[in-house]
Amino acid sequence: MTRVLIIYTGGTVGMIYDEKTRALRPIGFSEIRNSMPELYRLGFEFMVHPFRSPLDSSNMQPDVWVEIAETIENTYEFYDGFVILHGSDTMSFTASALSFMLENLGKPVVLTGSQLPIGEIRTDARENIITAMEIAATRSGDKALVPEVCIYFDYLLFRGNRTKKYNAEKFEAFYSMNYPSLAEAGIDIKFKTQYIAPQSGGPFKVHKNLDPNITVLKIFPGITQGTVQGILHTPGIRGVILETFGSGNASTAKWFIQCLREAVDAGIIILDITQCDGGSVEMGRYETSKYLAEIGITSGFDMTFEAAITKMMYLLGQGLSNPEVKALLETPLRGELTRV
Ligand code: ASP
């Protein structure tokens, strides 16, 4: 019999409107289960791993990612798939982090949540949870059909490390601008197998060391030297996500180039990603990006901000040399980027 583990971390999905306090309050999974008798008609076994006290995902931290990864590691052999119930705010970060932490994943890890709590009449939670469970249980022969960390939300399944929460209001809260969806749910769930990662065949390995000593430099017209210097001189940082314009372009002001060069020379790894949600960094296409490559800045190609942050934390946690980290940042490890 197929078995799915639900890891319940919290989020709006597990909240209920409390008539007394007139506010949303988190509920335990038993109350979710009571709201969803259809869970028992799925035709496969499921167990629930409730996670600490339910979290608003704005409180998500790398140590919780490690706990989720460990839960999957400890139960990996016993279950055919995993569903993680998670707040939508940081779901793309968690999905991206887990994609790097879970190497040679052979089973589905599907994150889902909802925009309206399970107790609301018009809730999107019911459909999201049921279909995520079905996807986690889907096989092709004796293997899982989707051996990836993904997000299922509002009838679409996405590769997790390609997603971004782009809407705080619509049921359609996520998109994946640079990679097609992996499945669409209608009357049937239509899997687009050509976009789903194949089974890797290698041994499943869980990486638990993440280095959060990174920072972000998001440029804008008018940014001052003091701001740039302040960010690049953050004590203890080892990596910077440089959010640039368009296809990876930035100011050619002498002081700006000098600040970046000094940081690179001091051994800080700078990763160039674009502020645009769609498209890719193409270093060298314009004068305003050519110099970035020349001073040793690494291209993030079409990686999302969420993937860039978590990939940097993951690689810096692996005890690699700077040239190794830089080379791997530019290499697709879990389908998170396409090189141009
Ligand atoms: N603040 C909530 C969270 O991320 C929002 C949600 O679940 O949609 O936990």
Side-chain angles (χ1 to χ4, degrees), residues 6-18 21-36 39 48-69 71 82-99 101 109-133 135-136 149-176 181 185 210 212 216 277 304-307 309-310 313:
I6 300 176
I7 301 173
Y8 174 48
T9 69
T12 299
V13 65
M15 293 190 188
I16 212 160
Y17 184 73
D18 192 317
T21 60
R22 297 184 174 198
L24 289 171
R25 69 165 167 86
I27 52 175
F29 192 82
S30 55
E31 281 183 79
I32 299 183
R33 198 183 339 226
N34 293 344
S35 308
M36 293 188 62
L39 279 174
V48 182
H49 180 90
F51 218 71
R52 305 174 170 191
S53 48
L55 274 182
D56 184 305
S57 78
S58 299
N59 285 318
M60 188 50 65
Q61 290 294 332
D63 62 321
V64 185
W65 297 335
V66 172
E67 280 191 58
I68 297 173
T71 305
F82 300 84
V83 170
I84 303 177
L85 301 185
H86 195 290
S88 62
D89 288 351
T90 60
M91 193 184 288
S92 293
F93 287 92
T94 299
S96 299
L98 290 175
S99 76
M101 296 166 79
V109 173
V110 188
L111 287 95
T112 195
S114 65
Q115 292 283 63
L116 278 178
I118 187 85
E120 300 271 323
I121 296 173
R122 291 181 53 248
T123 187
D124 51 332
R126 192 163 279 118
E127 200 289 316
N128 285 349
I129 296 175
I130 294 290
T131 307
M133 299 272 290
I135 291 168
V149 179
C150 358
I151 287 185
Y152 178 76
F153 221 91
D154 196 45
Y155 302 102
L156 289 172
L157 182 73
F158 298 114
R159 175 169 296 163
N161 58 30
R162 291 288 196 158
T163 60
K164 183 174 278 295
K165 180 175 180 181
Y166 85 102
N167 201 299
E169 209 170 272
K170 289 185 180 179
F171 285 143
E172 183 197 358
F174 292 88
Y175 60 34
S176 164
S181 61
L210 300 168
V216 178
D277 287 346
T304 61
F305 176 67
E306 293 82 346
I309 288 276
T310 54
M313 285 187 187

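Heavy atoms only: backbone and side chains are in, while hydrogens, waters and symmetry mates are out. Each ligand, and each atom within it, is numbered from 1 in the order the structure gives. This chain uses plain numbering: 1 for the first residue, then up along the sequence. This is a predicted model, so every value here is computed, not measured.
The structure places OG of Ser99 at 11.5 Å from CD of Glu306, a figure rounded to the nearest 0.5 Å. Note: Asn128 CG to Leu116 CG = 10.5 Å, rounded to the nearest 0.5 Å. Taking CD1 from Ile118 and CD from Glu31, the interatomic distance works out to 11.0 Å, rounded to the nearest 0.5 Å. Atom-to-atom distance recorded for Arg126:CZ and Met36:CE is 6.0 Å, nearest 0.5 angstrom.
Any N or O atom pair closer than 3.5 Å counts here, and Ser57 shares at least one such pair with ligand 1. Considering backbone and side-chain atoms alike, Ser58 places every N or O at 3.5 Å or more from each N or O of ligand 1. Considering backbone and side-chain N/O atoms, Lys165 never comes within less than 3.5 Å of an N/O atom of ligand 1. Taking any N or O of Asp89, backbone or side chain, at least one lies under 3.5 Å from an N or O belonging to ligand 1.
The residue among Leu24, Thr12, Thr9 with a heavy atom at the shortest distance from atom 7 (O) of ligand 1 is Thr12. With Gly11, Pro117, Ser88, Gly10 as candidates, the residue nearest to atom 8 (O) of ligand 1 on a non-hydrogen basis is Ser88.
Test Val110, Leu98, Thr112 against Ile84 for side chain to side chain contact (heavy atoms under 4.5 Å, CB included) and you get one pass: Leu98.
Put simply, the side chain of Thr12 does not reach to within 4.5 Å of the side chain of Ser88, judged on heavy atoms.
Residue contacts with ligand 1, taken as heavy atom pairs separated by less than 4.0 Å, involve Ser114 solely via the backbone atoms N, CA, C and O.
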